[in-house]
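Reviewing the structure listed below.
We number each residue from 1, following the sequence as shown. Note that the structure is a prediction, hence the values are computed from the model and not measured. Side chains are part of it too, since the values below use all heavy atoms of this structure and drop only hydrogens, waters and symmetry mates.
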Amino acid sequence: MKRIEVEGLPEEPLAAAGLFHQNWLDPIERALSGGQDVVVTMPSADHTHKEWRRAAAAMLARKYSPLRVNVAAGEGAALDGIIEYLAKAPGVTGHYLEAAK
């Protein structure tokens with residue numbers, strides 16, 4: 001499973017979604033087009049970012065099925081735990097998961 005780390009997103013959710021699609025969608029789709037399952041990691045954000053992150057995960061999963069793609073937010077050991085779980089869960093795709101703080 002390829003891990004793609006998204007960094008540098010603005011705090012404002014509309015701007016963050018725009019920057020994500022502009023700068024990060026292409027590398028994610030290249031990995032998926034190459035046959036790799038992907039986990040996209042992002043820093044934690046407040047609840048105003050949840051919907052666009054969920055939508056991105058779901059739409060990518062639909063487009064690239066049967067490959068798996070998930071989005072996970074958080075830092076440190078909690079995020080690492082999510083990534084370890086996803087690596088062992090072949091039926092999980094299209095989800096946005098947030099690590100506990």
What's the separation between atom CD in Glu7 and atom CG in Asn23, rounded to the nearest 0.5 Å? 12.0 Å

Under 3.5 Å, is there a donor-acceptor pair between the side chain of Asp37 and the main chain of Leu67? no

Least distance between heavy atoms, Ala72 atom then Val39 atom: CB-CG2, 4.4 Å

Can you measure from NZ (Lys50) to NE2 (His47) and round to the nearest 0.5 angstrom? 8.5 Å

Do Glu29 and Lys63 have side chains that get closer than 4.5 Å, going by heavy atoms? yes

Ala57 versus Tyr96, closest heavy-atom pair with distance: CB-N, 4.3 Å

Main-chain N/O of Ala61 paired to Thr93 side chain as donor or acceptor, under 3.5 Å: no

Atom CZ of Arg62 with >12 non-hydrogen neighbours under 6.0 angstrom: no

Looking only at heavy atoms, what is the nearest atom pair of Ala99 and Gly74, with distance? CB-CA, 4.0 Å

Are any of the side-chain heavy atoms of Leu32 and Gln36 separated by less than 4.5 Å? no

Beyond-backbone contact of Val71 with His95, side-chain heavy atoms, under 4.5 angstrom: no

Measuring from atom CD1 of Ile83 to atom OG1 of Thr41, what distance do you get when rounded to the nearest 0.5 angstrom? 5.5 Å

Apply side chain to side chain contact (heavy atoms under 4.5 Å, CB included) to the pair Leu60 and Ile28, showing each step before the final yes or no. CA-CA 9 Å; Leu60 285 164; Ile28 294 166; 3.9 Å; yes

Donor-acceptor contact present, side-chain His21 to main-chain Ala56, <3.5 Å: no

Can you find a pair of side-chain heavy atoms, one from Glu98 and one from Arg53, that are under 4.5 Å apart? no

Which atom of Pro10 lies closest to which atom of His49, heavy atoms considered: O-CE1, 3.7 Å

Partner residues of Ala89 under the side chain to side chain contact (heavy atoms under 4.5 Å, CB included) criterion, sequence neighbours left out: Tyr85, Val92

Checking Leu9, Val6, Leu14 against Leu19 for side-chain contact (heavy atoms from CB on, under 4.5 Å), the one that qualifies is Leu9

Report yes if the side chains of Leu86 and Met1 come closer than 4.5 Å at any heavy-atom pair, otherwise no. yes

Side-chain heavy-atom pair Trp24, Val40 within 4.5 angstrom cut-off: no

Given the rule in the side chain to side chain contact (heavy atoms under 4.5 Å, CB included) test, do Val38 and Arg68 qualify, once you have shown the distances and angles that lead to the verdict? CA-CA 6 Å; Val38 173; Arg68 295 184 305 135; over 6 Å; no

